[in-house]
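The structure appears right after this line, and notes come after that.
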Amino acid sequence: IYRMMQTIRRMELKADQLYKQKIIRGFCHLYDGQEACAVGIETGINLSDHLITAYRAHGYTLTRGGTVREIMAELTGRRGGIAKGKGGSMHMYTKHFYGGNGIVGAQVPLGAGVALACKYLGNNEICVCLYGDGAANQGQIFETYNMASLWKLPCIFICENNKYGMGTSVERASTSTHYFKKGDFIPGLRMDGMDVLCVREATKFAAEHCRSGKGPILMELQTYRYHGHSMSDPGISYRTREEIQEVRSKSDPISMLKDRMLSNNMASVEELKEIDVEVRKEIEEAAQFATTDPEPPLEDLCN
Amino acid sequence: MAATRLFLRASPVKCSLTGLTGGVHSSLGLTLLKLSPACTAKPQAQRRHAAHFTYHPEPAPSQYGPTQKMNLFQSVTSALDNTLAGDPTAVIFGEDVAFGGVFRCTVGLRDKYGKDRVFNTPLCEQGIVGFGIGAAAAGATAIAEIQFADYIYPAFDQIVNEAAKYRYRSGNMFDCGKLTIRSPWGCVGHGSIYHSQCPEAFFTHCPGIKIVVPRGPVQAKGLLLSCIADQNPCIFFEPKILYRAAVEQVPTEAYQIPLSQAEVLQEGSDLTLVAWGTQVHVLKEVAAMAQEKLGVSCELIDLRTILPWDTETVCKSVVKTGRLLISHEAPVTGGFAAEISSTVQVRVRWEIKAFYFHRGWSTYGSL
């Protein structure tokens, strides 16, 4: 878990660096700060389960089986990328990971459809549908809640509430900021999305709920993103630097896990440092690959 | 005749429009048109190719009063400012418009006119347009912003089924003519699939609305004010690549440029070129190249209003030249060029000098 979170963190920071060097272009929505969500969720479900999310998807691509190399090459738009260089930051996919979707909220009905397929095929798999606090007010999400509940689809709806929809704080966007209650008749849980073990346990509970045929369930993960909405957003015009600093010092998901592991003697400082070094090396190699791999051939344009 | 080359990413592809006959469309957002007979087909080293044109500001209009240097987003702000000042029922709403908008089109308006006239909506396009229709039907001049034209589809039902048909189905008892929807549109070089779309063709299939695309700041302000004043719901697409790139002397007072009137920018005798928005500037350069290198005299028309479009001007031009070329950024299949060329062919059948070619790429803009 620690390694995975650290990998996501370093990968996102590297992406930030490459973007500023103009090696990555276009849109880039970074996930650092929210690592506990992706990793916690993945450890609560199986790789054979399904997951779909919006555009802040690099972390999920990794947890769902992608490699750092493939992800970085996709960001730089090369043929070694996970979507052959055609998708870019927002459109990454792996087996049972349906992206990577640009239009806000549009992925939620899709996720319900995947859940329907799971139920129909009777394979005991579930679908995790993620969306953000900004998307939570999209009409199609409420339509999906109703359908999922009516047909008892094995669907975990997860709202990653990072307190800001682009530049709009949740208080300014929603009458009720209790996103876990918005499912109305669908049971909802709210938790600290910065605590990876908490997310893991809740996901396990939710997965069990769905698999036992009880229908959908909703989770709200209260989390935070350090970067702005995307690389073109400095992220400080709608929130203070102090706020970001405070979260970094008090609730950073990686630090919290590290402290816990050290204080419970589950790992030593050296072991964790070793992991850090290995992760950095992996990211460097991946960045190297991503920078030197060739772009997709012209024939791919209409393929 | 002209050989146009499309540069995409790495290797040059020679897409020959030899004969430049009939209604040929070229529709790809990132088109670098270069005339070079001695081109080789060797893949070149990886270079970044992007839409290439230079914006040439038009001379300041003299008939509308004093002018001020403005770029496209500032001319939109000016139009909205004039509207809010002159019409007490006018309101502006959309995602992030309060602080000025993601393209700065509404900067300063909330401070000047108050938060009950310029306000943010949550992230819900269907809601935004539906709400706008209601507000317009109740008598407010409603100006809705859809943050990117790519996001307009959740509102498609509201526009096509509610807005467009309101007057007709109520026997003129109600209408939402006071609704104007503004949206950034078109390729911008780094927008990829969800920040570069040109959806005008989807809406042209719908009677009851008007669709307008300006080519520059002076045009934008006049056309937007006409849309706002028009008694029908209008969609105003603003070419986002021109927001900063296009700078002109724009009248500070309110003025209107008539809708459904295409403008002949340059007269010619051999070939009619039709475009709207950004492509007008690309075709300006094409016309200059054609004249210089091939001695071909092109007549360039900016369609301006896409629906209802000015059939008279275009047909009159084709009667004169006998050849038509339409260029737009949207995919070629079902793109609006198909509608234009089919109408022209029917009406000007005997004057066309050549065969009809339909060329282009049906793929996503801005790859």
Side-chain angles (χ1 to χ4, degrees), chain A residues 19 22-28 54-55 76-79 85-91 101-106 131-143 165-170 172-175 229-233 237-238 291-303, chain B residues 6-15 28 30 41 43-50 95-102 115 119-128 130 147-148 150-155 157-158 188-197 331-332 360-364 366-367:
Chain A
Y19 194 93
K22 293 196 196 277
I23 298 172
I24 297 178
R25 305 183 69 112
F27 291 99
C28 197
Y55 45 77
T76 53
R78 308 301 164 96
R79 61 180 77 184
K86 296 208 233 173
S89 166
M90 289 197 274
H91 311 288
N101 295 282
I103 300 294
V104 169
Y131 54 95
D133 47 280
N137 288 314
Q138 277 276 315
Q140 47 196 328
I141 295 187
F142 293 94
E143 291 180 13
M166 214 158 79
T168 307
S169 66
V170 291
R172 293 197 298 131
S174 280
T175 316
H229 163 75
S230 68
M231 288 306 297
S232 49
D233 171 22
S237 52
Y238 46 87
T291 326
T292 51
D293 200 36
E295 290 183 352
L298 198 63
E299 298 80 64
D300 274 4
L301 185 66
C302 290
N303 251 353
Chain B
L6 275 72
F7 275 118
L8 300 152
R9 295 297 229 157
S11 45
V13 168
K14 195 163 172 183
C15 174
L28 191 63
L30 305 181
Q44 301 182 352
Q46 286 177 9
R47 268 159 54 196
R48 183 161 182 82
H49 299 288
E95 291 158 25
D96 299 307
V97 298
F99 87 97
V102 287
K115 60 178 168 45
F119 53 91
N120 283 340
T121 58
L123 221 166
C124 44
E125 287 73 20
Q126 185 172 21
I128 292 171
Q147 198 161 83
F148 282 88
D150 313 52
Y151 307 157
I152 203 168
Y153 308 111
D157 173 66
Q158 286 288 341
V188 69
H190 55 271
S192 194
I193 41 185
Y194 295 128
H195 292 76
S196 316
Q197 290 179 38
V332 68
W361 299 60
S362 251
T363 182
Y364 309 115
S366 221
L367 276 180

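Below, all heavy atoms of this structure are taken into account, side chains as well, without hydrogens, waters or symmetry copies. For clarity, every value in this text was computed on a predicted model and none was experimentally measured. Chain naming here is simple, since letters A, B, ... match the order of the sequence lines and numbering starts at 1 in each.
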Residues forming a side chain to side chain donor-acceptor pair (under 3.5 Å) with A:His91, sequence neighbours excluded:
none
Closest contact, heavy atoms only, B:Asp96 versus A:Thr168:
OD1-OG1, 3.3 Å
Toward chain B, the part of A:Ala135 with a non-hydrogen atom under 4.5 Å
backbone
Side chain from CB out, backbone as N, CA, C, O: work out which of these in B:Glu95 comes under 4.5 Å of a heavy atom of chain A, or both, or neither.
neither
Can you tell me how far apart OH (A:Tyr238) and CZ (B:Phe99) are? Round to the nearest 0.5 Å.
10.5 Å
Side chain to side chain contact (heavy atoms under 4.5 Å, CB included) evaluation trace for A:Met166 with B:Leu123
CA-CA 10 Å; A:Met166 214 158 79; B:Leu123 221 166; over 6 Å; no
